[in-house]
Amino acid sequence: AQSPQKKKLVMIAGRKSHGYGQHSFKAGCMLLKKALDENVPGLETTVILDGWPKDESILDGADGILIYSDGGAGHPYNAHLDKIDALGQRDNTIVIFMTDNGSVDKTFTAGMRGNKASPYEGGHRVPFLARWPGSIPAGAVSDEPICHVDFMATIAAMLDVKLPPNAGEDSFNLLPVLRGEKATHP
């Protein structure tokens with residue numbers, strides 16, 4: 001049972017979407033859980049494996065829900081966004097669409113030079129779309145460069161927990177950027 005002083009974060013790891021050793025949402029969630037458990041006092045993390053939880057009561061009382069997945073129609077939140085809202089978690093759930101690298105071919109590079117594994121912008125500049133009612137202004141656009149590693153500090157800030165000084169040294173809190181404010185990091 002969750003202790004009253006702890007914040008509860010539920011992480012949902014998506015189903016396998018690629019071949020062995022390519023994308024592992026389970027491993028990603030477990031690594032993040034380990035880092036958060038070891039470095040963020042006052043946080044209780046729970047990982048749900050292989051997509052949306054069969055017993056949705058695990059989401060009750062969550063201070064935040066994180067879904068790590070890909071796969072368009074196979075994404076665990078697609079069929080459950082209304083459920084998140086019905087659980088009263090709409091304002092506690094940030095929905096982020098982003099990719100890990102540029103497109104394999106030139107189809108989805110928005111006309112940028114290069115593609116996956118190339119040093120050019122088309123190889124590493126990726127889309128980042130987010131939904132967080134009440135926190136991210138609808139239709140907001142930012143040119144601020146960000147990185148995946150920034151989510152450790154951002155999640156800690158979202159849950160109002162303090163990271164120890166040696167945890168996530170390269171992670172910056174993105175909340176100001178998400179809220180349409182000026183970045184507070186280089």
Side-chain angles (χ1 to χ4, degrees), residues 1-18 20-71 75-77 80 84 87-101 124 126 128-132 135-136 144-179 181 183-186:
Q2 177 188 1
S3 61
Q5 70 274 17
K6 286 196 171 191
K7 300 281 186 166
K8 178 181 177 182
L9 174 65
V10 177
M11 296 185 281
I12 301 172
R15 296 184 306 271
K16 292 179 184 177
S17 62
H18 293 73
Y20 177 78
Q22 292 180 353
H23 287 106
S24 178
F25 307 116
K26 173 185 176 182
C29 282
M30 297 309 287
L31 285 170
L32 181 58
K33 175 184 176 31
K34 182 178 188 301
L36 292 171
D37 288 348
E38 291 175 359
N39 295 290
V40 183
L43 180 63
E44 175 186 322
T45 58
T46 302
V47 175
I48 306 301
L49 302 176
D50 205 30
W52 192 257
K54 291 170 185 42
D55 179 2
E56 293 177 347
S57 69
I58 192 78
L59 303 173
D60 294 345
D63 294 291
I65 300 169
L66 179 144
I67 300 172
Y68 178 42
S69 181
D70 75 357
H75 197 287
Y77 106 75
H80 301 285
I84 290 171
L87 286 165
Q89 296 298 329
R90 180 184 169 120
D91 293 343
N92 292 334
T93 303
I94 184 169
V95 176
I96 297 173
F97 291 99
M98 60 196 277
T99 63
D100 56 350
N101 48 248
H124 60 269
V126 297
F128 178 94
L129 306 167
R131 170 194 178 240
W132 192 15
S135 293
I136 299 175
E144 189 67 39
I146 61 172
C147 187
H148 294 84
V149 299
D150 294 330
F151 284 99
M152 185 167 186
T154 304
I155 291 168
M158 288 169 64
L159 296 170
D160 195 28
V161 293
K162 186 167 174 52
L163 287 174
N166 63 339
E169 302 90 359
D170 296 329
S171 186
F172 294 97
N173 176 6
L174 298 175
L175 287 181
V177 174
L178 294 174
R179 292 181 173 143
E181 302 164 7
T184 58
H185 64 274

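Everything numeric in this text was worked out from a predicted model, so none of it was measured.
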Spacing of Ile58 atom CD1 and Ile12 atom CD1 [to the nearest 0.5 Å]: 10.0 Å

Leu66 vs Leu32, side-chain contact (heavy atoms from CB on, under 4.5 Å): CA-CA, chis, key distance, verdict: CA-CA 11 Å; Leu66 179 144; Leu32 181 58; 4.1 Å; yes

Would you find a donor on one side and an acceptor on the other, under 3.5 Å apart, between the side chain of Asp37 and the backbone of Lys34? no

Between atom CE of Met11 and atom CG of Leu49, what is the distance when rounded to the nearest 0.5 Å? 10.0 Å

Which heavy atom in Leu36 sits nearest to a heavy atom in Leu9, and how many Å separate them? CD1-CD2, 3.8 Å

Roughly how far apart are Glu144 CD and Glu181 CD, rounded to 0.5 Å? 12.0 Å

Identify the two heavy atoms, one from Thr154 and one from Phe172, that lie closest to each other, and give their separation to 0.1 Å. OG1-O, 3.4 Å

So, the side chain of Lys33 versus the backbone of Thr45: is there a donor-acceptor pair under 3.5 Å, distance only? yes

Could you tell me which non-hydrogen atom of Ala130 sits nearest to which non-hydrogen atom of Ile136, and how far apart they are? CB-CD1, 3.6 Å

Distance (rounded to the nearest 0.5 Å) between Leu59 CG and Ile48 CD1: 7.0 Å

The test is side-chain contact (heavy atoms from CB on, under 4.5 Å); show your working for Val40 and Lys7 and say whether it passes. CA-CA 10 Å; Val40 183; Lys7 300 281 186 166; over 6 Å; no

Which heavy-atom pair separates Ala167 from Met152 by the least distance, and what is that distance? CB-CE, 4.2 Å

Determine whether more than 12 heavy atoms belonging to other residues, nucleotides or ligands lie under 6.0 Å from atom CG of Asn166. yes

Between the side chain of Lys8 and the main-chain N/O of Asp60, is any donor-acceptor distance below 3.5 Å? yes

Closest heavy-atom contact between Leu163 and Ala156? CG-CB, 3.8 Å

Do side-chain atoms of Ser171 reach the backbone of Val149 as a donor and acceptor pair under 3.5 angstrom? yes

Tell me the closest heavy-atom pair linking Pro41 and Lys162, and the distance in Å. CD-O, 3.5 Å

